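For ligands, and for the atoms within them, numbers begin at 1 and follow the listed sequence. Model, not experiment: these values are computed from the prediction.
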Amino acid sequence: MEFDVFTLLPEVFPPYLESSILQRARERGLIDIRLHNIRDWASDKHHVTDDEPYGGGGGMVMKAGPVFAAVESTLGPEAGCPVILLTPQGRVFSQKVAAELAAHPRLALVCGRYEGVDERIREHLVTDEISIGDYVLTGGELPAMILIDAVSRLLPGVLGDPGGAADDSHATGLLEYPHYTRPPEFRGWKVPDVLVSGNHAKIEKWRREQSLLRTLKRRPDLLANAPLSEKDQKYLKKLNESEPTS
Ligand code: ADE
């Protein structure tokens with residue numbers, strides 16, 4: 001998977017992208033992240049990338065020229081890949097959106113800064129707009145890194161364990177079950193007996209039930225869209241009867 005990132009702050013990316021799992025994925029050629037400084041495409045001698053908004057008002061607006069030049073000259077006319085603007089006005093990022101994006105061989109990410117971007121970037125250059133949540137950051141750089149991280153770990157070979165992403169919270173439509181590791185007892189708190197029983201069928205059943213219980217308690221909104229078996233529904237009904245939520 002290739003990522004082309006267009007930003008005014010390329011220096012903020014390497015500390016994160018050159019660590020741990022993403023660094024290993026880069027070394028193994030599974031992902032290629034290319035950082036492009038939009039300022040390099042500003043045509044005037046001071047490399048200006050922002051200007052005052054027409055109509056007045058506070059803040060500065062990211063100019064269309066340098067962004068168009070950066071994206072068009074990097075991607076070329078035939079790229080055909082999604083060009084995604086990171087903005088609080090975009091569709092909200094989720095595990096589902098990450099999976100959808102992971103199916104593309106190449107993604108271009110445009111990081112907004114200042115008060116916003118010239119509307120012509122939205123109308124005539126980008127093909128998609130993504131928000132990482134209903135809050136406003138100072139720029140699209142952190143959102144771009146979040147998107148790269150969430151998409152990359154879905155690509156075959158990026159996580160050491162081939163099934164690694166399959167049980168993740170949200171991948172199944174539910175929150176994930178609790179995890180424990182050694183020691184079996186810590187400060188008097190024991191690992192649930194079932195997990196050390198060696199009985200795989202029982203462990204699977206416990207994990208599924210914990211997943212349902214957690215989702216019911218913490219994110220009941222997710223249950224409406226989660227694929228649930230008859231057994232799951234029976235278990236949820238039992239939970240609701242024993243512990244009414246309202
Ligand atoms: N830029 C500023 N805030 C943002 C957000 N919540 N999501 C994506 N890009 C942003």
Q: State plainly whether the residues Glu209 and Lys238 are in salt-bridge range, i.e. N to O under 4.0 Å.
A: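 Judged by the 4.0 Å cut-off on N to carboxylate O distance, Glu209 and Lys238 do not form a salt bridge.
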Q. Is it true that Arg153 and Asp168 make a salt bridge, defined as a side-chain N closer than 4.0 Å to a carboxylate O?
A.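 Salt bridge between Arg153 and Asp168, a charged N being under 4.0 Å from a carboxylate O: yes.
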Enclosure of [X] [atom1] (heavy-atom neighbours >12, cutoff 6.0 Å):
X: Asp221; atom1: CG; result: yes
X: Arg182; atom1: CZ; result: no
X: Tyr16; atom1: OH; result: no

Q) Do Thr87 and Glu129 have a side chain donor and acceptor closer than 3.5 Å? A)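 No, because no side-chain N or O of Thr87 sits under 3.5 Å from a partner of the opposite role on Glu129.
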For ligand 1, find each of its N or O atoms that sits under 3.5 Å from a protein N or O atom, and tabulate the pairs with distances to one decimal place.
unit_1   : atom_1 : unit_2 : atom_2 : d
ligand 1 : 3 (N)  : Leu137 : N      : 3.0
ligand 1 : 6 (N)  : Gly133 : O      : 3.2
ligand 1 : 6 (N)  : Tyr135 : O      : 2.8
ligand 1 : 7 (N)  : Ile132 : N      : 3.0
ligand 1 : 9 (N)  : Thr87  : N      : 3.1

